[in-house]
Asks: 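Dumping the structure here so I can ask a few things about it.
Labels below follow one simple rule: chain letters A, B, ... track the order of the sequence lines, proteins then strands, and each chain is numbered from 1.
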2 protein chains.
Amino acid sequence: MRPKEIKNSLQEKGLKITPQRIVILEAIHRLENHPTAESIIGYIKKAHPNIATGTVYKILNVLVENDLIKRVTTERDIMRYDAVLENHHHLYDKKSDAIRDYFDGELDKLLMSYFEKKKIPNFRIEDIVLEIKGRFKKQ
Amino acid sequence: MRPKEIKNSLQEKGLKITPQRIVILEAIHRLENHPTAESIIGYIKKAHPNIATGTVYKILNVLVENDLIKRVTTERDIMRYDAVLENHHHLYDKKSDAIRDYFDGELDKLLMSYFEKKKIPNFRIEDIVLEIKGRFKKQ
DNA sequence: GTATGTGCAAACTTTTTGCACTTCG
DNA sequence: CGAAGTGCAAAAAGTTTGCACATAC
């Protein structure tokens with residue numbers, strides 16, 4: 001994602017374009033493996049030591065509320081963030097805390113047709129994300 | 001789950017049977033909607049006001065480590081627990097914080113056969129849980 | 001009796017909040 | 001210029017830890 005696109009995405013949501021927001025969005029796009037607030041702060045402070053921790057948290061909440069980033073579901077009590085907005089799934093390593101993205105359009109179609117036939121009573125599905133848990137093999 | 005079964009499940013794991021552990025296991029089985037530590041503590045303290053908060057957290061960790069309960073994945077920084085051990089999926093309400101269980105053996109078979117054909121490179125799948133996000137309809 | 005578990009309070013970690021100051025548009 | 005955003009420090013929220021005492025087996 002280029003700087004121009006980041007600025008546009010903020011503007012489209014009616015958010016002011018500030019250096020802090022740009023830097024945080026860039027960091028989440030750059031950092032692999034669904035960073036925590038802590039790792040985003042660590043990464044950013046190298047280049048921008050004056051940015052405040054509280055500001056990072058506030059901005060992360062604003063970005064989530066405006067659908068510019070997503071929170072990743074985990075079993076832990078720490079929040080992690082994802083810059084990928086297209087529909088995708090997550091691979092969770094059972095031993096390490098690694099989480100990787102998994103894209104599979106064929107699977108998405110399969111699920112869509114499955115749930116078109118089989119409705120869940122009293123529930124309107126908007127979105128399905130698979131938590132695929134297992135182990136990464138050393139390559 | 002009857003008291004006898006709870007005791008057996010602790011015993012099978014080589015854990016000592018204590019009143020605190022029994023009460024906590026009962027609470028998680030009884031409380032709907034995947035309770036937080038806080039709601040478990042609140043529920044328990046009504047009948048057992050002397051049980052310590054720290055003890056509840058320690059016991060929850062022991063129970064998770066011994067596969068007697070599971071942590072539920074959420075986007076929030078609060079841990080929630082699940083007493084249901086059989087394979088199942090979760091329905092997340094986008095507006096409230098409600099999470100309901102969803103059982104679907106047909107879906108499980110479909111996914112199993114799908115991933116038997118289509119392997120994920122460098123990953124060994126152990127378990128698949130669907131996060132089905134949407135809205136509960138008022139009935 | 002001894003290993004294991006509990007109660008309590010303090011510490012720690014992560015996130016939120018309030019308010020004066022600053023900046024974007 | 002005014003609304004929105006930031007920095008800072010304090011507070012809140014959630015969880016863990018250490019240690020003396022208690023209990024299960």
Side-chain angles (χ1 to χ4, degrees), chain A residues 3-4 6-25 27-28 34-45 47-66 68-69 71-81 97, chain B residues 3-4 6-25 27-28 34-45 47-66 68-69 71-81 97:
Chain A
K4 188 73 185 171
I6 286 183
K7 287 186 190 176
N8 285 346
S9 67
L10 287 168
Q11 206 153 34
E12 280 163 24
K13 301 291 180 174
L15 298 171
K16 286 191 180 174
I17 297 166
T18 69
Q20 293 86 341
R21 286 177 175 172
I22 293 170
V23 166
I24 289 172
L25 272 170
I28 301 172
H34 308 87
T36 61
E38 196 192 7
S39 56
I40 293 166
I41 292 165
Y43 178 82
I44 286 173
K45 288 217 169 166
H48 306 264
N50 46 319
I51 199 164
T53 300
T55 300
V56 176
Y57 279 101
K58 279 178 199 162
I59 291 176
L60 288 171
N61 285 334
V62 168
L63 297 178
V64 169
E65 282 156 22
N66 286 278
L68 293 175
I69 59 175
R71 275 199 252 268
V72 180
T73 60
T74 70
E75 294 179 0
R76 295 287 356 273
D77 59 339
I78 302 172
M79 295 193 282
R80 297 174 67 156
Y81 297 88
D97 66 343
Chain B
K4 188 73 184 171
I6 287 183
K7 287 186 189 175
N8 285 346
S9 67
L10 287 167
Q11 206 153 35
E12 279 163 25
K13 301 291 181 175
L15 297 171
K16 287 191 177 170
I17 297 166
T18 69
Q20 293 86 341
R21 286 177 176 170
I22 293 171
V23 166
I24 289 171
L25 272 171
I28 301 172
H34 308 86
T36 61
E38 196 191 6
S39 56
I40 293 166
I41 292 165
Y43 178 83
I44 286 173
K45 288 219 169 166
H48 308 262
N50 45 320
I51 198 164
T53 299
T55 299
V56 175
Y57 278 102
K58 280 179 199 162
I59 291 177
L60 288 171
N61 285 335
V62 168
L63 297 179
V64 169
E65 282 155 24
N66 285 278
L68 293 175
I69 59 174
R71 275 200 253 268
V72 181
T73 60
T74 70
E75 294 178 1
R76 296 284 359 268
D77 59 340
I78 303 170
M79 295 193 282
R80 298 173 66 155
Y81 298 88
D97 66 345

Asks: For the CZ atom of B:Arg76 and the OG1 atom of A:Thr73, what is their distance to the nearest 0.5 Å?
Replies: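 B:Arg76 CZ to A:Thr73 OG1: 13.5 Å, rounded to 0.5 Å.
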
Asks: Could you state the CD-P distance from A:Glu65 to D:dA4, rounded to the nearest angstrom?
Replies: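 Rounding to the nearest Å, CD of A:Glu65 and P of D:dA4 are 14 Å apart.
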
Asks: Between the two end axes of the helix from C:dG1-D:dC25 to C:dG25-D:dC1, each built from 5 base pairs, what angle do you get to the nearest 10°?
Replies: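 For the helix from C:dG1-D:dC25 to C:dG25-D:dC1, the axes at opposite ends meet at about 40°.
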
Asks: Please state how far atom CG in B:Leu10 lies from atom C1' in C:dG5, giving the value in whole angstrom units.
Replies: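 One finds 12 Å between C1' of C:dG5 and CG of B:Leu10, rounded.
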
Asks: One character per nucleotide, please: for nucleotides 7-14 of chain D, 5' to 3', B when the base has a protein heavy atom closer than 4.0 Å, S when only the sugar-phosphate does, - otherwise.
Replies: BB-----S

Asks: Restricting to side chain to side chain donor-acceptor pair (under 3.5 Å), what partner residues turn up for B:Thr53, sequence neighbours left out?
Replies: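 Listed in chain order: nothing, the list is empty.
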
Asks: My understanding is that only residues two or more places apart in sequence, or in another chain, count here; which of them pass side chain to side chain donor-acceptor pair (under 3.5 Å) with B:Thr74?
Replies: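 B:Thr74 satisfies side chain to side chain donor-acceptor pair (under 3.5 Å) with no other residue.
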
Asks: Just how far is it from atom CZ of A:Arg80 to atom CD1 of A:Ile40, taken to the nearest 0.5 Å?
Replies: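 Between atom CZ of A:Arg80 and atom CD1 of A:Ile40 there are 10.5 Å.
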
Asks: Using whole Å, what does the distance between atom C1' of nucleotide C:dT14 and atom CZ of A:Arg71 come to?
Replies: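 Those two atoms, CZ and C1', are 12 Å apart.
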
Asks: Nearest 0.5 angstrom please: A:Asn66 CG to A:Ser9 OG, how far?
Replies: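 A:Asn66 atom CG to A:Ser9 atom OG measures 10.0 Å (nearest 0.5 Å).
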
Asks: How would you list, by chain and number, every residue that makes a side chain to side chain donor-acceptor pair (under 3.5 Å) with B:Glu75, sequence neighbours excluded?
Replies: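 By the side chain to side chain donor-acceptor pair (under 3.5 Å) rule, B:Glu75 matches B:Lys133.
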
Asks: Atom CG of A:Asn61 to atom P of D:dA4: distance rounded to whole Å?
Replies: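 In whole Å, D:dA4 P lies 18 Å from A:Asn61 CG.
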
Asks: In whole angstroms, how far is the P atom of C:dG7 from the NE2 atom of B:His48?
Replies: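 Checked: the NE2 to P distance equals 11 Å.
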
Asks: Pairs of donor and acceptor atoms involving the side chains of residues 54-64 of chain A, under 3.5 Å and at least two apart or interchain, shall be tabulated with distances.
Replies:
{"unit_1": "A:Asn61", "atom_1": "OD1", "unit_2": "A:Arg71", "atom_2": "NH1", "d": "3.3"}
{"unit_1": "A:Asn61", "atom_1": "ND2", "unit_2": "A:Tyr57", "atom_2": "O", "d": "3.4"}

Asks: Would you find more than 12 non-hydrogen atoms of other residues, nucleotides or ligands less than 6.0 Å from A:Glu38 atom CD?
Replies: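 Open: at most 12 neighbouring heavy atoms sit under 6.0 Å from CD of A:Glu38.
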
Asks: May I have the distance from A:Arg80 (atom CZ) to C:dT14 (atom P), rounded to whole angstrom?
Replies: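 Rounded to whole Å, this separation is 12 Å.
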
Asks: At under 4.0 Å between heavy atoms, how does the protein contact nucleotides 20-25 of chain D? Give one character per nucleotide, 5' to 3', with B, S or -.
Replies: ----BS

Asks: Rounded off to whole Å, could you give me the CD1-to-C1' distance for the B:Ile44 and C:dT6 pair?
Replies: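 Checked: the CD1 to C1' distance equals 13 Å.
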
Asks: Take atom NZ in A:Lys45; do more than 12 heavy atoms of anything else shown fall under 6.0 Å from it?
Replies: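 More than 12 heavy atoms, drawn from other residues, nucleotides or ligands, come within 6.0 Å of this atom.
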
Asks: To the nearest 0.5 Å, what is the distance between CD1 on B:Ile24 and OG1 on B:Thr18?
Replies: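 The OG1 atom of B:Thr18 is 7.5 Å from CD1 of B:Ile24, to the nearest 0.5 Å.
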
Asks: Check side-chain contact (heavy atoms from CB on, under 4.5 Å) between B:Gln11 and all other residues, then give those that pass, not counting sequence neighbours.
Replies: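 If we apply the side-chain contact (heavy atoms from CB on, under 4.5 Å) test to B:Gln11, skipping adjacent residues, the hits are B:Asn8, B:Ile17.
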
Asks: In whole angstrom, give the distance that lies between atom CZ of A:Arg76 and atom P of C:dT13.
Replies: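 The distance from CZ of A:Arg76 to P of C:dT13 comes to 13 Å, rounded to the nearest Å.
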
